[in-house]
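Beneath this line is the structure, given in structure tokens, with notes to follow.
All chains are named by letter (A, B, ...) in the order of the sequence lines, taking the proteins before the strands, and each is independently numbered beginning at 1.
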Protein chains: 2
Amino acid sequence: MILTRERIIETTIEVLRKYGPQKTSVTDVAKVLGVSHGTIYRHFENKAALKEAVLGIWLKEHARNLERTPFDASAGRAGVEGWIKRLVMLKHDLYHADPELFDMYTELTAEAAEAVEDHLAELVTQLETRIALAQRTGSVTTAMSAREIAEGLFYGTARFHHPTLSFEWRSDTIHDQFEVVTQLLFRALEP
Amino acid sequence: MILTRERIIETTIEVLRKYGPQKTSVTDVAKVLGVSHGTIYRHFENKAALKEAVLGIWLKEHARNLERTPFDASAGRAGVEGWIKRLVMLKHDLYHADPELFDMYTELTAEAAEAVEDHLAELVTQLETRIALAQRTGSVTTAMSAREIAEGLFYGTARFHHPTLSFEWRSDTIHDQFEVVTQLLFRALEP
DNA sequence: AAAATGACAAAATTTATAATTTGTCATTTT
DNA sequence: AAAATGACAAATTATAAATTTTGTCATTTT
């Protein structure tokens with residue numbers, strides 16, 4: 001079996017799940033793959049690059065997932081609201097399903113600022129697209145640009161999707177808080 | 001000179017500022033006060049209680065500081081906006097003035113959940129008061145209750161005042177992000 | 001010739017050990 | 001009698017030594 005970048009990444013994810021992020025070494029991954037650790041360095045610049053690749057897979061999966069949020073074509077503003085609510089729901093579900101794994105990715109996130117920046121930019125752009133569409137149908141104000149609104153909605157809801165704040169998502173009032181914030185933000189979008 | 005709870009707290013703050021949070025021991029504080037460390041345990045249950053007391057002073061100081069935000073009496077909505085902007089400005093200034101001290105208080109915050117909850121409740125109530133006033137003058141919508149609006153504004157701006165996210169306040173786009181979020185939120189308040 | 005290896009130095013982490021700090025309380029001081 | 005002390009064990013933290021991991025590269029294998 002040929003050793004590919006993909007197979008290394010897959011195995012790394014496996015080892016990461018098993019031993020946790022701080023307990024995983026390149027040597028461990030090589031051992032599981034049955035190769036010498038030097039070989040891995042022929043596929044990845046260094047350990048950080050390998051971890052970034054793993055994070056990249058995870059982020060891309062989520063971006064794709066969000067992109068598939070059904071458009072509520074008849075109501076432009078509802079399409080925007082659906083996207084935001086899906087973003088928050090996905091994050092919360094992921095967190096509650098396996099907090100330790102979630103924390104692990106949050107940790108990786110801190111080390112790979114660039115990959116995260118790209119990811120956030122993509123999310124804001126997805127949102128922007130939906131807003132621009134809703135503006136064209138007249139269901140969202142044009143007093144601000146689609147991009148400005150997208151950033152406003154995204155950062156205004158940060159408390160509910162920023163992984164660093166996930167430790168507060170256990171609170172039993174978090175959902176009400178999200179409700180009231182979205183109520184305000186979407187009131188602002190009315191033309 | 002009599003040894004009071006207050007004098008111990010004052011000295012603790014002093015030592016904390018001088019040696020940093022992780023380098024400060026009860027023994028150090030006692031040494032500066034010129035007493036034995038056992039004496040301090042006659043005034044505080046344990047080290048955690050002492051640290052909580054220090055945090056309490058800090059939080060109270062900020063609540064008082066915020067309460068003093070000038071009312072822009074002529075324009076009710078502006079008074080609300082002034083309060084939120086002051087909240088964010090105070091936190092950012094504090095952070096940039098001495099990130100290590102700020103991190104220390106953030107750390108204390110995680111250990112004294114109760115004191116923090118009370119503090120947040122007080123802040124939201126301060127905001128609620130101003131909103132209720134603005135509603136009476138007709139410059140803020142009455143479609144939502146003053147309390148709901150207060151929570152919405154507070155949690156909608158969390159990214160800009162939640163201490164756990166302070167590590168992102170260095171970004172050169174943070175101010176623009178705050179601008180666009182407040183623009184949206186205060187648009188929502190129009191009657 | 002391309003892919004993989006494993007020996008190696010430097011860096012990072014873990015483990016073992018020493019030193020300090022926390023919290024208690026019987027005793028001393030005011 | 002109230003306040004403060006300081007000796008003490010347990011817990012925590014700092015320091016030093018040993019081990020592992022990272023990343024390179026000359027050599028070997030396919």
Side-chain angles (χ1 to χ4, degrees), chain A residues 1-56 100 103-115, chain B residues 1-56 100-101 103-112 114-115:
Chain A
M1 206 183 200
I2 314 157
L3 187 67
T4 62
R5 245 183 99 87
E6 281 65 40
R7 212 151 79 73
I8 295 173
I9 293 175
E10 272 171 41
T11 306
T12 305
I13 292 174
E14 202 181 291
V15 176
L16 238 22
R17 290 184 109 101
K18 205 163 189 172
Y19 297 105
Q22 68 275 65
K23 255 307 192 191
T24 296
S25 69
V26 174
T27 307
D28 290 334
V29 176
K31 223 175 283 171
V32 173
L33 281 165
V35 299
S36 80
H37 77 275
T39 303
I40 288 177
Y41 284 91
R42 294 180 45 73
H43 294 269
F44 293 92
E45 182 86 31
N46 51 33
K47 192 184 183 183
L50 175 57
K51 290 203 276 184
E52 264 180 57
V54 168
L55 179 65
E100 282 187 33
D103 286 350
M104 184 198 85
Y105 279 110
T106 301
E107 225 177 296
L108 291 187
T109 265
E111 294 163 26
E114 210 177 322
Chain B
M1 207 184 201
I2 312 156
L3 186 65
T4 63
R5 244 183 101 87
E6 281 64 41
R7 212 151 78 74
I8 295 174
I9 293 174
E10 272 171 41
T11 307
T12 306
I13 292 174
E14 199 182 293
V15 176
L16 240 21
R17 292 185 109 98
K18 203 163 188 172
Y19 297 104
Q22 70 276 46
K23 240 336 193 176
T24 295
S25 69
V26 175
T27 307
D28 289 335
V29 176
K31 222 174 285 170
V32 172
L33 281 164
V35 300
S36 79
H37 76 276
T39 304
I40 288 178
Y41 285 91
R42 294 180 46 74
H43 294 269
F44 294 92
E45 181 86 31
N46 50 33
K47 194 184 181 183
L50 175 57
K51 290 202 277 183
E52 264 181 55
V54 168
L55 178 65
E100 281 186 33
L101 192 70
D103 286 350
M104 183 200 88
Y105 281 111
T106 302
E107 225 177 297
L108 292 187
T109 266
E111 294 161 28
E114 210 177 321

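Using Watson-Crick or G-U wobble geometry with both donor-acceptor distances under 3.5 Å, C:dT15 finds its partner in D:dA16. C:dA4: Watson-Crick or G-U partner is D:dT27, with both key distances under 3.5 Å. Across the strands present, C:dA10 finds its partner in D:dT21; the criterion is a Watson-Crick or G-U wobble pair with both atom distances under 3.5 angstrom.
If you check the side chains of A:D28 and A:S25, you find a donor sitting under 3.5 Å from an acceptor. B:T39 and B:S36 are linked by a side-chain donor-acceptor pair at a separation below 3.5 angstrom, with hydrogens and angles left out of the test.
Nearer the 5' end of DNA chain C, as judged by each residue's closest nucleotide, is the contact made by A:G34, out of B:D28 and A:G34.
A:T12 OG1 to A:R7 CZ: the interatomic distance, rounded to the nearest 0.5 Å, is 11.0 Å. Atoms NZ and NE2, on B:K31 and B:H37 in that order, are 11.0 Å from each other to the nearest 0.5 Å.
Atom C1' of nucleotide D:dT29 and atom CG of A:L3 are separated by 16 Å, given to the nearest angstrom. Going from atom CG of A:L50 over to atom P of D:dT21 covers 15 Å, rounded to whole Å. Atom CD in A:E45 sits roughly 12 Å away from atom P in D:dC25 (whole-Å rounding). Between the CD1 atom of A:I40 and the C1' atom of D:dG23 there is a distance of 12 Å, rounded to whole Å. Distance A:F44 CZ to C:dA4 P: 13 Å, rounded to the nearest Å. For the pair A:Y41 OH and C:dA11 P, the computed distance is 14 Å after rounding to whole Å. A straight line from NE2 of A:H43 to C1' of D:dG23 spans 15 Å, rounded to a whole angstrom. Residue A:Q22 contributes atom CD, which lies 8 Å from atom P of C:dT14 at whole-angstrom precision.
Residue B:V35 has its side chain nearest to D:dT5 when only D:dA4, D:dT5, C:dA4 are considered. Picking from D:dG23, C:dG23, C:dT5 the nucleotide with the shortest atom distance to the side chain of A:R42 gives C:dT5. Checking C:dT5, C:dT22, D:dA4 against the side-chain heavy atoms of B:S25 singles out C:dT22 as nearest. Side chain of A:K47, nearest nucleotide from D:dT5, D:dG23, C:dT5: D:dG23.
Between the side chain of A:H37 and the base of C:dG6 there is no donor-acceptor pair of N/O atoms closer than 3.5 Å.
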- How far apart are the C-alpha atoms of A:L55 and A:K51, what are their side-chain angles, what is the distance that settles it, and do they pass the side-chain contact (heavy atoms from CB on, under 4.5 Å) test? CA-CA 6 Å; A:L55 179 65; A:K51 290 203 276 184; over 6 Å; no
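An OP1 or OP2 oxygen of C:dT20 is reached within less than 4.0 angstrom by no side-chain nitrogen or oxygen of B:T27. Between C:dT5 and A:S36, a contact under 4.0 Å exists linking OP1 or OP2 to a side-chain N or O.
Counting non-hydrogen atoms under 4.0 angstrom, B:T39 reaches a base of the nucleic acid.
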